[in-house]
Engineer: 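Below is a structure I'd like to ask you about.
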Amino acid sequence: MPGWPSPFPGAGPGAALPLPPAAPPTAGGNPGLPLPLPLLLAVAGLLGATALMPRPLAWTATLAVVLLLGIPHGALDGEVARPLLRPRFGRAWFLAFAVPYLSLSAAVLLAWRAAPEAVLAGFLAASVLHFGEEDAGPGRPLELLVRGGLSIALPVLLHPAATARVFEAAMLAPMPAIPPWLQAAALAWAVLAPFAVARMIAAGRWPVAVEGLLLGLAFAALPPLAGFALYFVGLHAPRHTASLAADPRRAPRVRSTGEALWRSLPVTALTLLIGAALWPFFPGAPPERLLALTLQGLAALTLPHLLLDGIAARVAPPVGGASRHRPPR
């Protein structure tokens with residue numbers, strides 16, 4: 001990385017950040033794009049098979065999918081930070097990005113040990129907003145809550161005991177049943193969902209309504225962790241990656257989903273190495289350990305991920321709108 005030239009010639013310390021001109025999306029730049037169909041079917045088949053596996057094997061297989069196919073989209077945060085920091089910090093831009101990013105992540109990991117249920121609540125709330133913003137786009141607050149909350153509310157409503165076991169393992173703390181605050185939030189989601197679907201249908205946005213129906217069927221049929229993995233790697237991660245490829249202002253060097261995968265490899269490898277270094281600090285049998293490390297790690301990365309997205313949106317507003325994401329439909 002030190003030898004790469006700046007994408008903004010002439011930019012130096014204190015210089016204003018020049019923005020590349022608007023450009024149409026490149027190949028793979030449709031924010032509504034899921035995984036390629038063959039890969040999506042293979043992932044869905046594997047996750048479906050976990051319903052027949054013993055729980056330790058099912059959790060291990062599901063988490064392997066999340067780590068291999070979900071982590072790379074977050075690893076592109078370096079590409080978002082690069083044009084923001086390199087003009088000021090030069091070759092030290094990655095250090096200026098990584099130190100505060102990893103410090104925030106470490107703080108979240110420590111908070112899991114001090115107040116696990118509070119951190120779980122914050123993580124779930126942040127996930128609803130993040131998923132909903134990615135899926136619904138700007139100006140649709142009801143749809144944001146419903147689409148963002150689907151992957152959390154449905155497991156709670158349809159598989160409460162199994163979902164509580166997942167959260168218990170993730171928190172490294174007892175959770176014999178879904179807590180009242182989460183039950184109430186899931187029931188509120190169930191009340192709001194029909195209104196959101198009705199508005200989609202009234203607006204002629206049938207593909208979105210059908211997507212929600214298919215996801216609902218998947219969450220009904222799959223174990224909670226597998227249902228989440230299907231949404232996370234099959235829809236959320238590809239949409240986030242494609243939105244970067246469609247907007248040259250946020251990550252100028254990410255011009256296609258294929259290039260995004262290539263650019264994400266170094267930080268993905270670094271993330272996995274950090275996870276391996278943290279392994280001894282998590283107790284329990286390997287499957288429970290892997291689940292706690294993965295979900296706590298995702299929560300730890302979510303905070304700086306969201307903050308960076310917000311900073312990038314303010315510094316370099318995206319092409320065609322005030323939000324950094326476009327409605328996928």
Side-chain angles (χ1 to χ4, degrees), residues 43 47 56 58-81 94 97-131 134 151-152 155 163 165-173 175 224-234 236-237 240-241 261 264-309:
V43 168
L47 294 175
W59 281 5
T60 302
T62 301
L63 293 169
V65 170
V66 170
L67 292 172
L68 293 176
L69 298 179
I71 294 298
H73 90 283
L76 288 170
D77 280 359
E79 290 298 319
V80 176
F94 189 79
F97 157 69
V99 169
Y101 197 102
L102 293 177
S103 297
L104 283 172
S105 297
V108 175
L109 287 175
L110 291 174
W112 272 110
R113 304 302 173 98
E117 191 166 328
V119 175
L120 175 67
F123 175 44
L124 296 179
S127 298
V128 169
L129 295 177
H130 182 50
F131 294 160
E134 192 78 57
S151 62
I152 296 166
T163 302
R165 282 197 297 269
V166 170
F167 289 153
E168 183 176 62
M171 294 192 307
L172 299 174
M175 182 178 278
L225 191 61
F228 168 78
L230 180 63
Y231 167 77
F232 186 67
V233 307
H236 172 70
H240 182 87
T241 302
L261 177 61
S264 74
L265 290 178
V267 177
T268 298
L270 177 62
T271 303
L272 295 176
L273 285 174
I274 292 173
L278 292 173
W279 179 264
F281 298 97
F282 285 78
E288 286 77 10
R289 226 185 214 190
L290 182 61
L291 189 145
L293 178 56
T294 301
L295 294 191
Q296 288 193 21
L298 287 177
L301 295 172
T302 294
L303 177 59
H305 178 69
L306 293 180
L307 290 175
L308 177 62
D309 261 9

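Please read these numbers as outputs of a predicted model, since none were measured by experiment.
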Engineer: Please, which pairs that meet side-chain hydrogen bond (donor to acceptor under 3.5 Å, both in side chains) have at least one residue in residues 268-292, sequence neighbours excluded?
Structural biologist: none

Engineer: Determine which pairs satisfy side-chain hydrogen bond (donor to acceptor under 3.5 Å, both in side chains) with at least one residue from residues 296-306, sequence neighbours left out, and list them in order.
Structural biologist: D77-H305, H130-H305

Engineer: Please tell me if the side chains of M175 and L120 come closer than 4.5 Å, counting only heavy atoms from C-beta onward.
Structural biologist: yes

Engineer: Tell me every residue that passes side chain to side chain contact (heavy atoms under 4.5 Å, CB included) with I274, counting only those two or more places apart in sequence or in another chain.
Structural biologist: L102, L270, L278

Engineer: Within the 4.5 Å heavy-atom criterion, are T241 and L261 side-chain neighbours or not?
Structural biologist: no

Engineer: Just jot down the side chain to side chain contact (heavy atoms under 4.5 Å, CB included) partners of A237, sequence neighbours excluded, or say none.
Structural biologist: H73

Engineer: Please list all pairs meeting side-chain hydrogen bond (donor to acceptor under 3.5 Å, both in side chains) that have one or both residues in residues 110-127, counting only residues at least two apart or in different chains.
Structural biologist: E117-W181

Engineer: Find out whether L290 and W59 are in side-chain contact, i.e. whether some heavy atom of one side chain is under 4.5 Å from a heavy atom of the other.
Structural biologist: no

Engineer: Can you name the residues that form a side chain to side chain contact (heavy atoms under 4.5 Å, CB included) with L110, not counting sequence neighbours?
Structural biologist: none

Engineer: Taking atom CG of L307 and atom OH of Y101, what is their separation to the nearest 0.5 Å?
Structural biologist: 9.5 Å

Engineer: Listed by chain and number, what are the side chain to side chain contact (heavy atoms under 4.5 Å, CB included) partners of V128, not counting sequence neighbours?
Structural biologist: L145, I152

Engineer: Once ring pair (Phe, Tyr, Trp, His ring centres under 6.0 Å) is applied, do any residues pair with F282, and if so which ones, sequence neighbours excluded?
Structural biologist: none

Engineer: Taking only residues two or more places apart in sequence or in another chain, which ones pass ring pair (Phe, Tyr, Trp, His ring centres under 6.0 Å) with F228?
Structural biologist: F232

